Chemist: 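Below is the structure I would like to discuss, written out as structure tokens.
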Amino acid sequence: AISPINVPAGGKTLSAAELGAESLSTKGSQTWAWASDWLLQRVGLRADAGVYTRSVQAATRAVGNHESIQVPMAGGGELRLRARLSKPLYVAWSGGTPPYQVEIKDETQKTLVHQGGVPSVRHTFASVNLKPGSYQIEIADDLDRVQVPLMVIADEGSLEKLAKSSNEERLAAAMKMAARQEGWPFEAYQEAAAIKDRFPFAQVLMQALESGDIPH
């Protein structure tokens, strides 16, 4: 689970540096300035410049008071991911009632990985190796079952190059990717999750993407 970032009540005393970034005064990158400003808005440290852009996957049917399962990152109807070898895969959704079942299937509907008894709306598959191609992520509880297409794209070395970048550069690149929408917020989510433990700013982006609040 992702721990929320504690913002001091009644004041804006939490700085970008305290969120894990270097002093903004030392940063000349316009991309990082945009990214950090967007993130600081989300923790209440900057005035919001406008209405949040939200992109929410259509829900399955509602049954009584049961909140249907949704995958907010699938705004274009699918999720996009760059191919990676034996890396964790982070999946998040909203709605439904735990416990959940989470599966990844190939285009023939063969189950590649499966996890039952998931207690929350986030799950990490410890090691997944997906080659370029078409897949589905399926999330279910006792009442609902939602399938979201997953398109895995050839990486061409960009992930290896990105891994050598600073935390700021890596998170800003993820945010630029999320802003493309069309399923790319899912790849941005993977990048943020990879650095969240050492760079708390990444947790802000993860929680925003989980709710369909997409950088723009």
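Residues: numbered from 1 along the sequence shown. Values in this document were obtained by computation on a predicted structure and should not be read as measured data.
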Chemist: I want to check something: taking the side chain as every heavy atom from C-beta on, are Gln136 and Glu107 in contact at a cut-off of under 4.5 Å?
Modeler: no
Chemist: Considering residues at least two apart in sequence or located in another chain, which fulfil the side-chain contact (heavy atoms from CB on, under 4.5 Å) criterion with Ala172?
Modeler: Thr31, Trp32, Ala35
Chemist: Looking only at non-hydrogen atoms, find the nearest pair between Asp144 and Glu67 and report the distance.
Modeler: OD2-O, 4.4 Å
Chemist: List for me each residue that meets side-chain contact (heavy atoms from CB on, under 4.5 Å) alongside Pro98, sequence neighbours excluded, and say none if there are none.
Modeler: Tyr100
Chemist: At what distance, to the nearest 0.5 angstrom, does CD1 of Ile195 lie from CG of Asn167?
Modeler: 5.0 Å
Chemist: If you measure from the Lys or Arg side-chain nitrogens to the Asp or Glu carboxylate oxygens, is any gap between Glu78 and Arg80 under 4.0 Å?
Modeler: yes
Chemist: Which residues satisfy the salt bridge (charged side-chain N to carboxylate O under 4.0 Å, His left out) test with Glu103, sequence neighbours excluded?
Modeler: Lys105
Chemist: Determine, for Arg84 against Glu187, whether the closest basic-nitrogen to carboxylate-oxygen distance falls under 4.0 angstrom.
Modeler: yes
Chemist: Using side-chain contact (heavy atoms from CB on, under 4.5 Å), reason through Tyr189 and Leu205 one step at a time and then give a plain yes or no.
Modeler: CA-CA 8 Å; Tyr189 190 77; Leu205 177 61; over 6 Å; no
Chemist: With sequence neighbours left out, write down each residue that passes side-chain hydrogen bond (donor to acceptor under 3.5 Å, both in side chains) with Gln115, or none if nothing qualifies.
Modeler: none
Chemist: Considering all heavy atoms of both residues, which atom of Ser36 and which atom of Phe201 are nearest to each other, and what is their separation?
Modeler: O-CZ, 4.2 Å
Chemist: Hey, does the side chain of Trp34 reach the backbone of His216 with a donor-acceptor pair shorter than 3.5 angstrom?
Modeler: yes
Chemist: For Asn129, I'd like to know if atom CG has over 12 heavy atoms of other residues, nucleotides or ligands within 6.0 Å.
Modeler: yes
Chemist: Working to the nearest 0.5 Å, report the span between CZ of Arg180 and CD1 of Ile214.
Modeler: 13.5 Å
Chemist: To the nearest 0.5 Å, how far apart are CG in Leu130 and CG in Leu150?
Modeler: 6.5 Å
Chemist: Looking at every non-hydrogen atom in both residues, tell me the closest pair between Leu171 and Ala192 and how far apart they are.
Modeler: CD1-CB, 4.3 Å
Chemist: Answer whether the closest heavy-atom distance between the side chains of Pro99 and Pro119 falls below 4.5 Å.
Modeler: no
Chemist: Extract all donor-acceptor atom pairs below 3.5 Å that involve side chains of residues 89-96 and protein atoms in other chains or at least two apart in sequence.
Modeler:
none

Chemist: Enter the distance from Asp37:CG to Arg42:CZ here, rounded to the nearest 0.5 Å.
Modeler: 9.0 Å
Chemist: Is Arg145 salt-bridged to Glu138, cutoff N-O under 4.0 Å?
Modeler: yes
Chemist: Could you tell me which non-hydrogen atom of Arg170 sits nearest to which non-hydrogen atom of Ala194, and how far apart they are?
Modeler: NH2-CB, 3.7 Å
Chemist: Rounded at 0.5 Å granularity, tell me how far CE in Met73 sits from CG in Asp213.
Modeler: 12.5 Å
Chemist: Would you name the heavy atoms of Ala188 and Ala174 that are closest together and state the gap between them?
Modeler: CB-O, 3.1 Å
Chemist: Holding to side-chain contact (heavy atoms from CB on, under 4.5 Å), I want the full list of residues that pass it with Lys110, two or more places apart in sequence or in another chain.
Modeler: Asp106, Thr108
Chemist: What distance separates Thr124 OG1 from Gln190 CD, expressed to the nearest 0.5 Å?
Modeler: 8.5 Å
Chemist: Step by step, work out the side-chain contact (heavy atoms from CB on, under 4.5 Å) result for Leu79 and Ile137.
Modeler: CA-CA 9 Å; Leu79 304 171; Ile137 294 179; 3.8 Å; yes
Chemist: Under a single-linkage rule joining Ile, Leu, Val, Met, Phe, Trp and Tyr whose side-chain heavy atoms are separated by less than 4.5 Å, which residues share a cluster with Met151?
Modeler: Ile153, Met177, Trp184
Chemist: Please report the shortest heavy-atom distance between Ala83 and Asp155, naming the atom on each side.
Modeler: O-CB, 3.5 Å
Chemist: Tell me, do Phe186 and Val71 make a side-chain contact under 4.5 Å, heavy atoms counted?
Modeler: no
Chemist: Do Leu85 and Val152 belong together in a cluster built from hydrophobic side chains that touch within less than 4.5 Å?
Modeler: no
